[in-house]
There are 2 protein chains.
Amino acid sequence: MGAGSDGTVTVLARGEGLAAWRQIADGLSADIEAGRLAAGSQLPTEAALAARFGVNRHTVRRALAALAERGLVRATQGRGTFVETPRLAYPIGRRTRFSEIVSKAGREAWGDLLGAAAVPADAATAEALAIAPGSAMLELQTIHRADDTPLSTARTCLPLPRFDGFDRAYAALGSLTRAYAEFGIADYTRLSTRIGARPAAADEAARLDLAPGRVLIVLTSVNVDAAGVPIQATRSLFAADRVELVVEG
Amino acid sequence: MGAGSDGTVTVLARGEGLAAWRQIADGLSADIEAGRLAAGSQLPTEAALAARFGVNRHTVRRALAALAERGLVRATQGRGTFVETPRLAYPIGRRTRFSEIVSKAGREAWGDLLGAAAVPADAATAEALAIAPGSAMLELQTIHRADDTPLSTARTCLPLPRFDGFDRAYAALGSLTRAYAEFGIADYTRLSTRIGARPAAADEAARLDLAPGRVLIVLTSVNVDAAGVPIQATRSLFAADRVELVVEG
DNA sequence: GCCTATTTGTTCGTATGTATC
DNA sequence: CGATACATACGAACAAATAGG
């Protein structure tokens with residue numbers, strides 16, 4: 001659609017059943033996907049875009065709203081509208097390691113422990129972990145970032161006599177894989193995975209630095225050790241704007 | 001936890017470190033999972049629950065918020081709070097057949113053809129199908145229901161000289177598997193799968209009989225025939241309120 | 001169309017117990 | 001020990017959406 005910062009007016013097809021805002025959105029979206037508008041860069045102001053396309057600023061706003069809904073751009077009052085970084089491809093399968101995935105994408109990974117507590121197991125988690133309902137388990141709240149951008153937050157439950165002190169190991173090492181190594185578990189695999197999606201609650205949005213109501217991908221999974229014994233039940237919440245799951249064949 | 005519509009007060013354990021709202025949430029959640037509160041049925045009003053448990057309405061609201069966050073109930077202002085129907089578990093893996101999945105869940109499956117057209121392949125789809133960009137492909141718009149409730153809508157692209165007339169076969173048979181059989185393809189497998197999520201646009205919401213802005217799971221996949229040749233590239237949009245994807249091990 | 005009753009959603013204020021510094 | 005912060009719980013009132021007449 002061209003850079004068009006030289007005062008030229010990009011002509012739209014008017015009166016042919018294609019709404020102006022949709023043409024503008026499609027054009028900008030193509031610019032983003034083709035890399036003509038770089039990730040992280042600032043879009044021209046709404047006023048500038050309105051001038052370029054010869055439309056009212058309201059029409060530009062409608063187009064930008066459509067892009068924001070698709071997660072392509074993010075607008076901040078007083079600052080401007082910026083191109084979102086492309087979604088990180090997050091492979092899920094029998095062997096998934098957050099730290100490996102992110103570093104392979106050339107970003108730095110870190111998991112922060114938000115909180116940990118010993119709690120009685122609810123029915124669903126108890127069944128997943130193959131323990132008696134009500135028996136003790138360790139519940140961890142974590143958040144996972146790539147280059148300081150939060151990608152996901154998770155609630156992880158581990159059976160308790162076995163993993164007493166796991167929270168301290170995790171807090172120090174910042175990675176499940178490394179914390180498991182401290183407990184003598186060199187390898188573990190994913191037993192089951194379920195995927196859903198829903199809007200973020202206010203507190204979840206705050207944790208992930210998202211606008212409230214933005215979409216979360218909910219990934220519920222159970223991991224087992226080499227002997228097939230369940231060692232963790234996790235519910236991860238991914239910011240759908242920043243992550244795309246890839247199922248390994 | 002008992003039906004308790006007879007004016008009796010269900011006693012909670014107070015002052016023992018277990019928050020009242022959590023006890024209420026756990027009790028209702030158990031009632032739902034045990035079927036004592038049927039899917040689709042209306043919960044007692046907040047005021048009634050507050051009376052039953054002998055707590056303030058705020059405490060009940062806190063418990064209901066926890067259930068809503070887990071997707072167990074949905075509250076609508078002015079109507080009431082209702083038990084959500086469980087989401088259909090939709091397995092994805094190398095061999096996924098919509099018709100088989102739904103009938104196994106005891107529901108009747110049907111796919112309707114909304115439209116079909118021969119179009120030149122865009123760059124992304126051409127790469128997925130391993131054909132030259134711009135060469136002809138058949139684009140199908142379909143919608144998939146279980147017991148008349150729309151679960152997903154899909155855009156499926158097939159390479160064209162090979163699958164000329166596929167749209168008529170699909171319209172008559174209502175199933176990809178059966179239509180492929182007409183073209184001599186007895187077996188096919190999934191090559192790649194990517195999963196994202198975003199709010200539904202107005203037209204997508206209308207097709208799926210959803211409120212606009214409700215969440216969609218976007219599943220992009222490529223299927224290959226027994227020889228490993230790509231035979232279809234599909235982008236499916238699932239109503240996240242009605243479906244949960246299950247990754248097969 | 002209007003009106004009313006019902007029900008959830010939101011926002012004040014107040015008080016109490018429980019950690020933590 | 002006090003001071004502080006936080007979660008929990010209660011009370012009252014009003015706003016907003018829905019359903020039925």
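Chain naming here is simple, since letters A, B, ... match the order of the sequence lines and numbering starts at 1 in each.
Rounding to the nearest 0.5 Å places OG1 of A/T156 at 5.5 Å from CG of A/L176. The distance from the CG atom of A/L151 to the NE2 atom of A/H144 is 9.5 Å, given to the nearest 0.5 Å.
Remark: P of D/dC10 and CH2 of B/W21 are 14 Å apart, rounded to the nearest angstrom. B/E46 has its CD atom 16 Å from the P atom of D/dT18, to the nearest Å. Atom CD in B/Q77 sits roughly 8 Å away from atom P in D/dT18 (whole-Å rounding). The separation between B/N56 atom CG and C/dT8 atom P is 14 Å, rounded to whole Å. In this structure, the CZ atom of B/R57 is 13 Å from the P atom of D/dG11, given to the nearest Å. In this structure, B/Q23 places its CD atom 19 Å from P of D/dA7, rounding to the nearest Å. Put simply, CZ on B/R22 is 12 Å from P on D/dA7, counting in whole angstrom units. To the nearest angstrom, C1' of C/dT10 lies 16 Å from CG of B/L64.
Note on B/R61: every side-chain N or O is 4.0 Å or more away from OP1 and OP2 of C/dT8. Contact between the side-chain N/O atoms of B/T59 and the OP1/OP2 oxygens of D/dC10 is found at a separation under 4.0 Å. Note on B/T81: a side-chain N or O is less than 4.0 Å away from OP1 or OP2 of C/dT8.
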Whether each nucleotide of nucleotides 11-16 of chain C has a protein heavy atom under 4.0 Å at its base (B), only at its sugar-phosphate (S) or at neither (-) is summarised, 5' to 3', as B-----
Pair up each side-chain donor or acceptor in residues 224-239 of chain A with any protein partner under 3.5 Å, not counting sequence neighbours, and list the distances.
{"from": "A/D225", "atom 1": "OD1", "to": "A/A227", "atom 2": "N", "distance (Å)": "2.9"}
{"from": "A/D225", "atom 1": "OD1", "to": "A/G228", "atom 2": "N", "distance (Å)": "3.1"}
{"from": "A/D225", "atom 1": "OD1", "to": "A/V229", "atom 2": "N", "distance (Å)": "2.9"}
{"from": "A/D225", "atom 1": "OD2", "to": "A/R162", "atom 2": "NH1", "distance (Å)": "3.3"}
{"from": "A/D225", "atom 1": "OD2", "to": "A/R162", "atom 2": "NH2", "distance (Å)": "3.0"}
{"from": "A/Q232", "atom 1": "OE1", "to": "A/Y180", "atom 2": "OH", "distance (Å)": "2.7"}
{"from": "A/Q232", "atom 1": "NE2", "to": "A/T234", "atom 2": "OG1", "distance (Å)": "2.6"}

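Taking the six-membered ring for Trp and thresholds of 30 and 60 degrees, A/F166 and A/F163 have ring planes more than 60 degrees apart, a perpendicular arrangement.
Set against D/dC10, C/dT8, D/dT8, the side chain of B/A19 has D/dT8 as its closest nucleotide.
Within 6.0 Å of atom CD in A/E127, 12 or fewer heavy atoms from other residues, nucleotides or ligands are found, so the atom counts as exposed in its surroundings. The environment of B/R22 atom CZ is sparse: at most 12 non-hydrogen atoms of other residues, nucleotides or ligands sit within 6.0 angstrom.
Of all the heavy atoms in B/R52 and B/P44, the pair that sits closest is NH2-CG, 3.7 Å. What you find for B/R79 and B/Q42 is that their closest heavy atoms are O-NE2, 3.1 Å.
The closest donor-acceptor contact from the side chain of B/E204 to the backbone of B/T153 lies at 3.5 Å or more, if one exists at all.
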Considering only nitrogen or oxygen atoms on both sides, find all protein atoms under 3.5 Å from nucleotides 19-21 of chain C and state each distance.
none

